[in-house]
J.: 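Mind having a look at this structure? Questions to follow.
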Amino acid sequence: MSWPTRKQSETDASEKKSVGKGVFRRCDGCGATLTAERMAHNFEVCPECGQHHKLAGRRWRELLLDDASFEEWDAHLLPTDPLGFSDGKAYGDRVASAQRSAGTKEAIEIGRAQIEGEAVAYGAFVFAFMGGSMGSVVGEKITRLFERATVERLPVVLLQASGGARMQEGILSLMQMAKTVAALERVRAAGLPFLSVLLHPTTGGVAASFALLGDVNIAEPKALIGFAGPRVIETTIRQTLPDGFQRSEFLLAHGMVDRIVSRLDMRAELASLVRLLMRKHAGDPASPPHAGA
Amino acid sequence: MAAFALPFEKPIVDLIARVRELRELAERDASLASELRQLEEQTAHLARELFSSLTPWQKVQLCRHPARPYTLDYIEHITTDFLELHGDRRFGDDPAIVGGLARFRGQSVVVVGHQKGRSTKEKVTRNFGQANPEGNRKATRLYELADKFRLPILTFVDTQGAYPGIGAEERGQSEAIGACLAAMARARVPIIATIIGEGGSGGALALGVANHVLVQEYGTYSVISPEGCASILWKDGSKSDLAAQAMKMTSTDLLALGIVDRIVNEPPGGAHQDAYAAAKLVEASIAESLATLCALSPEAIVEHRYARFRGLGAFVG
């Protein structure tokens, strides 16, 4: 597929904190000043302290997927404005500027891919597109991802980074939670694995639908994962939240995720999990198992 | 019953009070019957006229009216033999969601609903109808019970949303809601959800993945509360009226968008003016839905629900 080579989509991490016009980058974790090149080479993981910064979709594919194995599905789906929504700025205009700045048509990309030779149905949220929010297109594409995985008997790997349901599509966004989870039930019934990868941040309607329902839930270090955003909770209970609240490590301690995995180990982990759950060995010829076989 | 009155409902409240007085008198004096009928018709007409021009924000206030009937009122008026079942078998019992076994027109059913409190003390006990994870897990458990014993499920939606608190996050609110959606999606029995007040966000949806979704005339359903939407998009919580309008959350909007299958009328002045009459209207609608859905096989019920939600969404391509 062709990929727009826009500067902005290539370096979506810490754009605001960049110093020296993108030549140098300051780490959000330890504050070390590093060359942008060195950070990019390490997939936006700080070589000094291991802090994970945002990584663009194209780099994620480079990191996780076998070369040229990604075949995108349903890229033609585009958002509309079902409510005629405006909060001062029309929803249509918001979408247009998100498409320009994120370099994608919507907040998710899905398709078929291979991870260390294992075929998977792969989806990844684009946080740079309106905070990865889930409206009708995102809901539809996730539903199709699950449905197609069921038909083609593929395990599902889904990378989440989303603020939740998209308010500008109102109640239709809420309905995507029900639609996607119903489709996920078909994946489950077919005995196929759903590997849910939780990136920073995963909250709201995405967290409260399919994101925490993985057969295995994997989180990146220090990702914010929760139902309500920290500010909403602070306003509700009128207390300051403890350090580390709703971070990956907090979720691991409370039994909500299986593993915290460094981005740099993610590919090997995912491949291993697929093989273990699909009862295969590395290098086995592709032979999808049948449910109950 | 309704002591508290919103500013815009005052004229109707006064008229309804007069109808009540006259009704009492008419019970002893048959000659007042025609006058009573006239006043009743006049009141109904005026109420309809006045309420037809309510703004979305006023309807939001109505759906949160403190005198509005709650889940337990509906259970009392439209079911018999209600046996409340408690607890999620994991952590605790959440009084913000009530549920159990009952008979609806003689048929065994499982009922689940959000429950707000009447008195200040009960409001706090029931956490204003905002469920913690254990409330949602109780709902999941009851859906599974219904599936096992082939009992239709009646839910009553009335919550501002699931509770955003520290404990709720510690105990996995997100997973608890997701699990509710999944359990409803796979239940092989008819599910009928009725929005009797506020349908707020994921907390509402946890009781809302139904074959038929009914909404009362002054019920609302939205992705986020108007206050929340206003504070995020308008950066100003006082713009709730604008947010309520923009989100298209009233019953007529919801029907037009295909989110609900039917609007259930309310008595003149709203359900809180006559809880019994409101309940009977809800009962009739549920009975009709139940008759249609009970004709479907267990597989067809699951497929029907899948197709219902599968079709929701607006996009090009």
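The sequence lines fix the lettering, A, B, ..., with proteins before strands; numbering per chain opens at 1.
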J.: Would you give the length of the straight line joining atom CG of Asp87(A) to atom CE of Met247(B), rounded to the nearest 0.5 angstrom?
T.: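 So the CG of Asp87(A) and the CE of Met247(B) are separated by 11.5 Å.
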
J.: Are any non-hydrogen side-chain atoms of Tyr306(B) and Arg186(A) less than 4.5 angstrom apart?
T.: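 Answer yes - side chains close enough.
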
J.: Give the minimum heavy-atom separation between Val316(B) and Pro79(A), together with the two atoms involved.
T.: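 So the minimum-distance heavy-atom pair works out to CG2-O, 4.4 Å.
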
J.: Quick one: what part of Leu241(A) sits under 4.5 Å from any heavy atom of chain B, side chain, backbone, both or neither?
T.: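 Contact with chain B: side chain only.
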
J.: Heavy atoms only: give me the nearest Val223(B)-Ala165(A) pair and the separation to one decimal.
T.: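 Between these two residues, the closest heavy atoms are CG2-CB, 3.5 Å.
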
J.: Given the options Glu106(A), Glu140(A), Glu169(A), which has more heavy-atom pairs under 4.5 Å with chain B than any of the others?
T.: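 Result: the option with the highest number of such pairs is Glu140(A).
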
J.: Between the side chains of Arg247(A) and Glu169(B), is the shortest nitrogen-to-carboxylate-oxygen separation below 4.0 Å, so that they form an ion pair?
T.: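 Result for this pair is no, no salt bridge flagged.
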
J.: Among the options Leu312(B), Leu233(B), Ile177(B), pick out the one with the most heavy-atom pairs lying under 4.5 Å from chain A.
T.: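 Of the candidates given, the most pairs with chain A belong to Leu233(B).
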
J.: Drop me the distance from Ser174(B)'s OG to Leu251(A)'s CG, to the nearest 0.5 angstrom.
T.: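 Those atoms lie 8.0 Å apart.
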
J.: I need the Cys180(B) SG to Met177(A) CE distance, nearest 0.5 Å.
T.: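 Those atoms lie 10.5 Å apart.
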
J.: Which atoms of Ile237(A) come close to chain B, meaning under 4.5 Å heavy atom to heavy atom: side chain ones, backbone ones, both, or neither?
T.: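 The answer is the side chain of Ile237(A).
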
J.: Between Leu83(A) and chain B, with a heavy-atom cut-off of 4.5 Å, which part of the residue counts as in contact: side chain, backbone, both or neither?
T.: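 It is both, since atoms from each part get that close.
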
J.: Looking at Ala178(A), Pro82(A), Pro242(A), which one has more heavy-atom pairs under 4.5 Å with chain B than the rest?
T.: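 Looking at each option in turn, the highest pair count goes to Ala178(A).
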
J.: Against chain A, label Ala162(B) side chain, backbone, both or neither, depending on which of its atoms sit under 4.5 Å from a heavy atom there.
T.: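 The answer is both parts of Ala162(B).
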
J.: Pick one of side chain, backbone, both or neither for Arg305(B), based on which atoms fall under 4.5 Å of a heavy atom in chain A.
T.: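 Neither the backbone nor the side chain of Arg305(B) comes within 4.5 Å of chain A.
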
J.: Heavy atoms only: give me the nearest Leu174(A)-Gly202(B) pair and the separation to one decimal.
T.: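 Looking at all heavy atoms of both residues, the shortest contact is CD1-N, 3.7 Å.
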
J.: Could you check whether any side-chain heavy atom of Leu172(A) comes within less than 4.5 Å of a side-chain heavy atom of Ile259(B), counting everything from C-beta outward?
T.: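 SC-SC contact between Leu172(A) and Ile259(B) confirmed.
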
J.: Looking at every non-hydrogen atom in both residues, tell me the closest pair between Val181(A) and Gly178(B) and how far apart they are.
T.: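 Looking at all heavy atoms of both residues, the closest pair is CG1-O, 4.0 Å.
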
J.: Output the distance between atom CZ (Arg171(B)) and atom CZ (Phe227(A)), rounded to the nearest 0.5 Å.
T.: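 Answer rounded to 0.5 Å: 13.5 Å.
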
J.: Given heavy-atom pairs under 4.5 angstrom as the criterion, report whether the side chain, backbone, both or neither of Glu234(A) touches chain B.
T.: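 Neither part.
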
J.: NZ/Lys179(A) to CZ/Phe309(B) distance, rounded to the nearest 0.5 angstrom?
T.: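 Rounded to the nearest 0.5 Å, the NZ-CZ separation comes to 11.5 Å.
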
J.: Compare all side-chain heavy atoms of Ile171(A) with those of Lys248(B) and state whether any distance is below 4.5 angstrom.
T.: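 Not in contact.
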
J.: Quick one: of Ala314(B), Ala176(B), Gly317(B), who has the most non-hydrogen atom pairs under 4.5 Å with chain A?
T.: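 Of the candidates given, the most pairs with chain A belong to Ala314(B).
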
J.: Is Met256(A) in contact with chain B via its backbone, its side chain, both, or neither, using a 4.5 Å heavy-atom distance?
T.: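 The answer is the side chain of Met256(A).
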
J.: Under 4.5 Å heavy-atom distance to chain B, tell me which part of Thr180(A) shows up: side chain, backbone, both or neither.
T.: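 Looking at Thr180(A), nothing touches chain B.
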
J.: For chain A, which of Arg310(B), Glu175(B), Arg186(B) has the most heavy-atom pairs under 4.5 Å?
T.: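 Ranked by heavy-atom pairs under 4.5 Å with chain A, first place is Arg310(B).
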
J.: Can you tell which of Ile224(B), Ile166(B), Leu257(B) has the highest number of heavy-atom pairs within less than 4.5 Å of chain A?
T.: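 Top count of heavy-atom pairs under 4.5 Å with chain A: Ile166(B).
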
J.: So which of Glu185(A), Gln239(A), Gln246(A) has the biggest tally of heavy-atom pairs under 4.5 Å with chain B?
T.: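 Highest number of pairs under 4.5 Å: Glu185(A).
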
J.: Given that the side chain runs from C-beta out, which part of Phe210(A) has a heavy atom under 4.5 Å from chain B: side chain, backbone, both or neither?
T.: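 No part of Phe210(A) comes within 4.5 Å of chain B.
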
J.: Under a 4.5 Å heavy-atom cut-off, does chain B meet the side chain of Ala183(A), its backbone, both or neither?
T.: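 Both parts, backbone and side chain.
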
J.: Would you say the side chain of Lys141(A) lies within less than 4.5 Å of the side chain of Phe315(B), judging by non-hydrogen atoms?
T.: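 No - every pair of side-chain heavy atoms lies 4.5 Å or more apart.
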
